[in-house]
Structure formats: structure tokens, C-alpha cells
**Student:** 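Before I ask anything, here is the structure I am working with.
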Amino acid sequence: MMWDAISSILSFFPVIGLAALGGFTSQKSGVWNIAIEGIMTYGAFAGVFAYHYFGNSIGIALLFGFLSSLIFGVLLSLLCVHQGLDQIVVGFGLWFLSEGLAGFLYLAVLPSVTVTETLDPKILSLDPLFYVTIASFTILYVILKHTKQGLAIRSVGENPRAADTVGINVYRTRWICTTVGAGLMGLAGSYLALVILQGFTYNLVAGYGWAAFALVLFGRWTVPGTLLSSLVFTLLIGLQTRLQVAGILVVPSEFMVVTPHIAVVVALALAGALGKKSGMPAALGRFYQKE
Amino acid sequence: MKSPSAENGRTILEMRNISKRFPGVIANDRVSFTLRAGEIHCILGENGAGKTTLMNILFGLYAKDGGDILVDGRRASIESPRDALALGIGMIHQASTLIPGLSVLENIVLGSEPSRGPFLEKRRSEKEVHQLMNLFSLEVNLRARVEELSMGERQKVEVLRALYRGTRILIMDEPTSVLTPQEKEALMKTLKEMTARGDISSIVFITHKLPDVIAVSDRVTILRKGKVVDVLDTNDSTMRQLAHKMVGRDVVFEVERGVTEAGETLLEVKNLHVLNDDETPALDGVSLSVRRGEILGIAGVSGNGQKELVEAIVGLQRATAGRIHLKGKDITQWSPGKRRALGIGYIPEDGLAEGLLPDLSIVENLVLGVHSQPPFTHSWVLPFDKGWFIHQCSVNEYARRLVAEYEVDTPDIDLPAGRLSGGNIQRLILARELSRSPDLLVADKPTSGLDVGSQERVRRRLMKEREAGKAIMLVSEDLDEIIMMSDRIAVMYEGMIVGVVPTKGVSKETLGVMMAGGAS
């Protein structure tokens, strides 16, 4: 009974965790991706779309959500990593593009779909993607800390010129991180639609993308920090919902809608208050131009 | 490791007729350069003479427009730093290319990490670097993050990194600019020993500092405006001779100091405290005073509180305790604008970043700060308009006069200020600050990064102000400058003033010891 409650709260974790991890991966290499919210919306659409048209398999739908979201990472890399356009401006554009695309295609090609399948096997009544998320955090941690590629990622995020002079391919490293990051954001959206909400509605991401963005900052650009902040956020959101449903916590239901927004503000304020030595990659947001 | 002496003197690197054009300038005009085994070879020249460009070509960072590079007598095609590294050419850049957030070890092995499959072998790399450190008697804490190290230690890490990659020709771009005299001496000693032992075949040492050339090099190639002026044996040359060749005219090293009577105390700082961003003390109880007609030199290694002291005085940093009095008024809580109005002029350390708005025109930069006072404003149509509009004619006239008076070399006063060279930028800031004739001038490293010709002009200007009875606070890391200019010298160390000494009779060594925290 107790575990059921906890596991149902934790089942929301991949939404937050994967999105935050996507933002983290991109930022660690020095590229802001502020389109998390939009890419998640697109990923949600793509997942439900693939579920409907490609044989009602959640596995394939999730995979499609991940893969087709990579395109936004590719776009971001082309424009910002290679062409040097402003990452915030382009990110803004991508946010609108991805969200608009999802909304348009939803109206144009997608009938009302209800997802009836579930993903198996469940371990401790938790979805496999929960474990995939935890594994992704672990793998990324090991990569960053113990591999050549990880060292390359950290150095292009800190000082791309230095990395370049020792023969690290700055563009390729950033390109890969940004693209994989976008894929993870899309996957988070697909999971939200397919597993949590069992269908697509417009605006279903409802601020969780921005929350994920803030959680990377709050996690101080470290893997454990991001993991921890995502977990705590998931638990708080889940707890609030449970208590409300159980009637223990009496707040107007309108309040539910703004919870992620409030959490973002609180997380950012706390991150700011904790001090200025934040661990932010020194070259984050800066275009690297070869001479 | 090769045996030393055997092959010393042989030419190991030759650059023939190297040319490089940038839009609007010829950075290198058929420059030839030869490097012999076993030598430390200085490339001397003013800022913009093409020294760094030449070496960036050698290191594969720039593509050359013409000419050949021969390594060991064979033609080499160097298209990227990778090619250069493969030939045993390593470069230590002026702006450190270490990555502050990574550990010392990670920085040293970055790019050629020992690894098994994709995984780093930390223990093996640690062992290798330790061996290297023992061999060259260089000691650094490998586990520390680079941002925790002093500039001298970072320089060591750079050298170690080059050695780790098997560098035999090491290019160092202005390596001494951030070091204390002691660190500088230690570095030069290390370099000499390394070439003498043959650990490294040869070192190319880029500099615009003449004492460095004399102290460290065997030969020197002098560049001026992209061309080779001369190649000399250092032993046969004097500073004066080198300076003449570098600048193209005689340079006066000593600025004449007139006799002035130190007047009333103008600035009085008492027990000043300022905190860093992370709440640690940046200034820990600083007291000093500056009088009319005197220059107070502030010596110290960069980062010991000079910047905070300067910024607290001009009002850019908040004092957490202590008092600042100017002309007898307590200005501790005043805004920078109010302090300026009372008579403070400020020449910031990095003129381009802090003293100017690079995208605005020279005119706009010059008039900034006085633009809201007559005669630069005029009332226009509206009855309630109290001089909201800037009077363009008088502003232009004013700017033209200042540009001429302060010898700012520009074709057009409407040019964005950021397009000027370093020396001109500094003169522009001097023009703006001095034209308001402030009683106290706070100059933070006003000549750093300038060539000797521009330095001389700035110094003469400051000296003139002193003679006119102004009080001047001069922060500098250049001890020669401090000794040449100051009437008294205050030495800062870790946010405190370790001592104030009269310039007369003080030696560089004494100051060096004080800068390292020793008592006077």
C-alpha cells in the first residue's frame, strides 16, 4: 500500500529526470537549450502519433519520440554550434517551432487516441523507463568522470579554445551532446503522454520543461545534483497531488496548475541564494569560432 | 631525451618568407626566422608587430598566406595544432589555455590521456606526470583544480603539459606578464636549465619587455610592423639598442620627475574592509593617504586586493567597514557619480572592457559623463525642456580638441572606440578623465599591455599631473614603473598593506620580498 503510493509518485520521475538530463547534457558541452518545454510537447505528440500509426507498441512509440526529437538538437547545433547564432534567440525559436508543430500536426493528422498498452516488465511496480532514467544518469556520470569523451565534453564546456588546441573536436563534441540532449527531452515528453496521461492533449507539458531547465541550474551542473534535484522535485509534486486527492491538503485546484511554475521560481531563487560559485560551465552559451 | 651539447647550434626550425594578411593589415610581411638547437630565442616587438601571429602560424592556428616552414631541414605542412604537436612543437599562450574547472592532472593529460578503451587510466597518468615532475624538478599538486592555483603555478602546469606531450620546441607567448618577480626568476631559471640539459631543444620566447630579453635569451629577433628589423645575439646588445630597433626611435626610459612639494592630504583611507563575492575578505583593514603633488605607488602581485581597493575608492565596490575621506569629506557611502563630481578621475585596468563603450564613437566616449552639463546640452522646443538634447556641434568640437591634445591617433572621431589600438584607447581614457581635471587620479595598471612608446607617453602625462599638484594613486605590477614614478610605495599582500616605504633608496628585492608577504 505504502509502496504503491511511492511508486505511483516515482513513476512521474522519468518526465522530470530525462528532461533535466537532456538540458544538462547540452549545457555541459556549452550549449543552452531553452526549448525543453517545446521539444517535450513535440515528443509527446510524436510518441502518441507513432503509437497510433505504428502498431500500438509503446516501446516503438517511445523510440520514435526519442529519435524524431533529435532533429531539434541537429537544428540547434547547425545554427548555434556551427553558425554561431545566439543560443537564446534560436532556442526561443525552437521552442515555438516544436510546440507549434506538435499542435498543428495534432489537429491535422492525429485522431483522438487513448493509450491502452503498458510497458513491461515492471519491476517493483515501476515502469522500465524509470530504470532507464536512473541508468542514463549513471552512465552519463561514468562518461563524464572516467572517459576520454567525458573529459572532452567538460573541456569544451569550460574552454573550447583550450580543447581545440589539444586536438579535441569542439564542434563534434557539442553537436553530439546537444542532439542527444534534445532526444532525451523528446523521450521525456513521449513518456509523459504515453505512460502518464495515456494520450495527447495540447499544453500537456504544462511548465514541466521549464522546471527541468531550472533543476539543472539548481543541481549546479553536476550529475548527482541534477539527479537529486529532479527526484526531490518529483516527490514534492507527487506528494502534493496525493495529499490533495486524499483531502489532507486543502488548496484550490487552480493551484495545481501553477505548481511547477512556483517550483521553478523557488529553485532558481534558492540556486541564487546558495552563492555565486555555481559550477556553471565557463563557456556556456558562447560560440566557439576557429581562427 | 637527447644528449645536449652534441647537436647544439644546429638549425632545427626555419621559417622562410612567411606572410600573413588580415583584413586591412599585413601582420607578417615576408618574415624569416631561424631557431637553433639549445637556444632560447626571443621574439621582440611592440603590440601589433606580428610576433604572436608568426608563432600562431608555426603552431597551426593560423593559415599562412605565403612562405615555408622547415623542421629539421624538411619542409613541414602544419595545418592544425595537431600537426604542430606531432612535430614536437608546443605553445603556451598568453591567455592561459588551462581549464580552470578541471584538475591539474586532467589539464596536463587532456588530449593525450592514457586510457584503456574509452576509460581513463588515472593512476597511470598520475604516475607518468609524477615522473615528469621529478625529472624536471617542477612540483605541483596534481589533484588541485587549476582555479585554486597561483599564476606561477599555472605557468608550471603549462610547461608540464608541453613536456608531457613530448615538446622539443616550446613557444611561450608573453609568459611573464602575470608573474611576481620571484616567480619570473624561477621560471627563467627553469627554462635555462631545461635547454641547457637538453630536456627541451629550444624555446621561443615572445615578449615586449626588454629586461626579459636580456635576462633569458641567447638570440633575439626584432619585429616591427610585421617585418624583421634585425636578429641579434643578446650578449652583444643593450636595452637601449633593442628599444631603438623595436620602436624605431629613441625611447626615454626614465621619466623626468620635477621637484614638487607634497601638499595637503587629499585622500585618506582608514581601516577599509571589502568582501569578495564568496564573503571572504578582499580588503582586510587598509589604511593609506595620498597628498597633493605626490604619486603613491601600489605594488603587489595581481589579485592581492589592488582592484578592490581601487574600486572601493572610486565607488564601484561597497566597503563593509572603514572610512574613505576625500578633501576632508566622508565619501564612503557616496555614489561613483558624486565622487567624480567631487574630483576623482579613474583609469581602469582593462580600458577596453571597463573604461569605454567599444561600440560607441570616440566622440560619445569622450563626452560621456559631462554630456549632461552645459555647453553640451541645449533646450529645444518644449517649454519645460531643461536641456534634454545634446548639442552635437559643441560636442564634436570638444572631442576634436581632446583628440588632438592627447594625441589619439584616429582617422575619424566618429569611429567606434573599440576599433582603436591599445595605446590609443588608453590615451582616449586619459583624455576623458584628465579633461575634467580631477584632484585625485586613480590609475589601475595604466600602462599594462602597452608598448614602450605608449607607456612612455602615459607616464609623462601622469608626471605632468603630479607636477600640477594633483594626487595620484598608481597601481602597477611593474616594479620598474612603480619605482620610476612613485614618491612613496605601498605594498599589498592578501588584502593588506604590508608596508609603505619612500621610493628613495628602496630596492626591487626588498619590494619583491614584501610582495610575497615578507615584512619590510
Side-chain angles (χ1 to χ4, degrees), chain A residues 24 27-30 138-174 176-177 219-223 225 271-286 288-291, chain B residues 20 22 52-53 56-57 59-63 79-86 89-103 105-122 125 145-148 157-158 161-162 164-165 171 275-280:
Chain A
F24 173 84
Q27 288 180 27
K28 200 70 184 168
S29 75
T138 316
I139 291 168
L140 193 66
Y141 180 76
V142 172
I143 288 179
L144 285 177
K145 195 101 185 175
H146 295 290
T147 71
K148 285 162 78 159
Q149 286 74 13
L151 193 53
I153 293 171
R154 281 188 286 150
S155 44
V156 300
E158 291 282 342
N159 186 340
R161 186 160 309 271
D164 192 25
T165 48
V166 298
I168 289 168
N169 189 329
V170 177
Y171 299 106
R172 193 176 65 201
T173 308
R174 286 189 163 177
I176 292 172
C177 288
R220 314 243 133 168
W221 290 274
T222 65
V223 175
L274 281 173
K276 286 168 190 162
K277 243 187 148 185
S278 65
M280 178 164 125
L284 180 52
R286 269 191 266 141
Y288 175 61
Q289 178 141 43
K290 227 178 154 81
E291 279 165 291
Chain B
K20 174 73 184 172
F22 289 115
T52 302
T53 306
N56 278 345
I57 289 172
F59 191 56
L61 283 171
Y62 293 161
E79 277 163 9
S80 72
R82 236 183 200 176
D83 298 339
L85 291 168
I89 300 170
M91 182 159 178
I92 297 179
H93 298 266
Q94 187 173 9
S96 169
T97 54
L98 295 177
I99 298 171
L102 301 189
S103 75
L105 183 67
E106 284 170 335
N107 267 287
I108 290 174
V109 301
L110 186 66
S112 42
E113 316 80 348
S115 55
R116 185 176 295 144
F119 293 102
L120 298 168
E121 292 188 282
K122 279 202 181 135
S125 43
R145 278 147 62 98
V146 164
E147 62 197 356
E148 298 161 6
V157 177
E158 298 254 22
R161 186 164 69 156
Y164 184 78
R165 303 222 186 99
I171 307 163
L275 293 181
N276 284 320
D277 288 347
D278 57 359
E279 309 282 304
T280 55

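The structure presented is a predicted model; accordingly, all values stated were derived computationally and were not measured. Reminder, nothing fancy here: chain letters follow the sequence lines and each chain counts from 1.
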**Student:** Can you sort out the partners of A:Arg172 under side-chain contact (heavy atoms from CB on, under 4.5 Å), two or more places apart, ordered by chain and number?
**Tutor:** A:Asn169, A:Ile176
**Student:** So does A:Tyr141 have more than 12 non-hydrogen atoms from other groups sitting under 6.0 Å from OH?
**Tutor:** no
**Student:** I need the residue from B:Met91, B:Glu113, B:Lys122 with the largest number of non-hydrogen atom pairs under 4.5 Å to chain A.
**Tutor:** B:Glu113
**Student:** Give the C-alpha distance, both sets of side-chain angles, the deciding distance and a yes or no for side chain to side chain contact (heavy atoms under 4.5 Å, CB included) between B:Leu102 and A:Asn159.
**Tutor:** CA-CA 10 Å; B:Leu102 301 189; A:Asn159 186 340; over 6 Å; no
**Student:** Return the CG to CD distance between B:Asn107 and A:Glu158, rounded to the nearest 0.5 Å.
**Tutor:** 9.5 Å
**Student:** Under the side-chain contact (heavy atoms from CB on, under 4.5 Å) rule, collect the residues that match up with B:Ser112, sequence neighbours excluded.
**Tutor:** B:Tyr164, B:Arg165
**Student:** Kindly compute the distance separating CZ (B:Arg116) from NZ (A:Lys148), expressed to the nearest 0.5 Å.
**Tutor:** 13.0 Å
**Student:** Pair A:Val166, B:Thr97 - check side chain to side chain contact (heavy atoms under 4.5 Å, CB included), show working.
**Tutor:** CA-CA 10 Å; A:Val166 298; B:Thr97 54; over 6 Å; no
**Student:** Mind ranking A:Ile143, A:Val142, A:Thr147, A:Asp164 by heavy-atom pairs under 4.5 Å with chain B and telling me who comes out on top?
**Tutor:** A:Thr147
**Student:** To check you understand the geometry: which heavy-atom pair defines the closest contact between A:Lys145 and B:Leu120, and what is its length?
**Tutor:** O-CD1, 4.0 Å
**Student:** Between NE2 of A:His146 and OG of B:Ser115, what distance do you get to the nearest 0.5 Å?
**Tutor:** 14.0 Å
